[in-house]
Every structure is written in C-alpha cells, then in structure tokens.
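Keep in mind that what you see is a predicted model, and the values were worked out from it rather than measured. Each residue takes its place number in the sequence, starting with 1.
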Amino acid sequence: MNFIIEPWHWLVLGILLILSELILPAFAALWFGIAAIFVAILFWLFPSMSLTTQIIFWIILSIACTVFWFKFIKPLSTDKTKAGLARESTIGQTGMVIQTGLAHDQVKVRFPMPILGADEWNCRTLAPISVGDRVRVIDILGNDLVIQPHQNPPSPL
C-alpha cells in the first residue's frame, strides 16, 4: 500500500500547526504552519515535486518565516515607552509635592523623570506632607503610588 502525499495534506498540516498555537505557549508552531501552507501552494502549482523536495522546501520556508518574524516584524511591535517599567525600578523614585487636598486624601507629585509614562501622579501618602516637600515612592497600590516624606541619608562625620 503506497501512501501518496497530496497538496491538501500539507494544507491540513499547516492549519493544524497554526491551530496548535492556541495550546502551545512557545509561539513557534505558527511559522511551521505557514511554511506548510506555502508548500501546499507550491505543490499544487508544481505537482511533480518529490516528497524530499517538499520536505526541504518546508524546512527552508519554516526557517525563513521564523527569521522574518524575529528580524523584521517583532522589532516593530516593541514598546518604546517607559510604561512597562518594573515595580522595582519605580519604587525609590523621588519627587516633589505640587498639590495637596485632592479627593480621597491624595496629593499630586511631580517627578523629575516620567514614571510609568507620566511625570505627575496622584499619590497616597502615609504621613502628613505639604506642598514643596520631597517624597519617595515606597509602594504601588492598584493605580496609585504610595509615597512617604523623603529623608536625606545622614552625612558621614
């Protein structure tokens, strides 16, 4: 019994690989699936291709699709803002109180460098502070920064 590969076999393989991306967390099967669909189209256009040629085309196209993604497409989708800063890089930032008496006992603080995409934040405070005080971020609670008065480190004698 001889099994003959048809173009629709490659098409089904490609669709299954693309759909497997819903289950696999690696984001790798997609490129193999796209390459299999390309091989199905090539095999449909050139029906005399041998199985070895089809597999070689599939390997080459899989590599080409993967390289194309990482070299050209993925760099376009990177976030170039500082909005994705880690919690650890936000905690410890210092700023100056520019307004007090906001709703929910909040104060407005201006930071010298933008934090999470903004240079002014409504913050929660743990101690009484007034306009002009320097404060330091000690925590992030929901969408609010939690601050406390900034104390300069003691100078060595």
Item to check | From CA spacing to verdict: side-chain contact (heavy atoms from CB on, under 4.5 Å), Val107, Val135 | outcome: CA-CA 11 Å; Val107 296; Val135 293; over 6 Å; no
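- Nearest heavy atom pair, residue Gly14 against residue Ile37, reads CA-CG1, 4.0 Å.
- For the atom pair CD (Glu120) and CE (Met96), the distance works out to 11.5 Å, reported to the nearest 0.5 Å.
- Between the side chain of Gln54 and the backbone N or O of Met49, at least one donor-acceptor pair lies under 3.5 Å.
- Counting non-hydrogen atoms of neighbouring residues, nucleotides and ligands closer than 6.0 angstrom, the CZ atom of Phe111 exceeds 12 such neighbours.
- Residues Leu13 and Ile60 are members of separate hydrophobic clusters, defined by side-chain heavy-atom contacts under 4.5 angstrom among Ile, Leu, Val, Met, Phe, Trp and Tyr.
- Under a hydrophobic clustering in which Ile, Leu, Val, Met, Phe, Trp and Tyr are joined whenever their side-chain heavy atoms come within less than 4.5 Å, directly or via other members, Leu24 and Val12 fall into different clusters.
- You'll find the side chain of Trp10 stays beyond 4.5 Å of the side chain of Ile41, heavy atoms only.
- Interatomic distance, CD1 of Ile138 versus CD1 of Ile147, reported as 9.0 Å (0.5 Å rounding).
- To the nearest 0.5 Å, atom CZ of residue Arg134 and atom OG1 of residue Thr94 are 4.5 Å apart.
- Counting all heavy atoms, side chain and backbone alike, Pro112 lies closest to Gly95 at CD-CA, 4.3 Å.
- Note that the OG1 atom of Thr125 and the CG atom of Asp133 stand 9.0 Å from one another [nearest 0.5 Å].
- Note that NE2 of His9 is 9.5 Å distant from CZ of Phe43, once rounded to the nearest 0.5 Å.
- Although no hydrogens or angles enter the test, the distance criterion places a donor-acceptor pair under 3.5 Å between the side chain of Glu21 and the main chain of Leu30.
- Atoms CD1 and CD1, on Ile140 and Ile91 in that order, are 5.5 Å from each other to the nearest 0.5 Å.
- The hydrophobic cluster containing Leu102 does not contain Ile129, counting ILVMFWY residues as joined when their side-chain heavy atoms lie under 4.5 angstrom apart, directly or transitively.
- Residues Leu42 and Ile56 fall into different hydrophobic clusters, defined by Ile, Leu, Val, Met, Phe, Trp and Tyr side chains chained together at heavy-atom separations under 4.5 Å.
- In the hydrophobic clustering of ILVMFWY residues, with side-chain heavy atoms under 4.5 Å counting as a link, Leu45 and Leu61 come out together.
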Next on the checklist: Between Leu145 and Val109, does the side-chain contact (heavy atoms from CB on, under 4.5 Å) criterion hold? Intermediate values first, please.
Outcome noted: CA-CA 10 Å; Leu145 301 177; Val109 176; over 6 Å; no
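- With a 4.5 Å cut-off on side-chain heavy atoms, Trp58 and Phe38 do not count as touching.
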Next on the checklist: Apply side-chain contact (heavy atoms from CB on, under 4.5 Å) to residues Ile98 and Val131 and explain how you reach the verdict.
Outcome noted: CA-CA 5 Å; Ile98 60 172; Val131 174; 5.6 Å; no
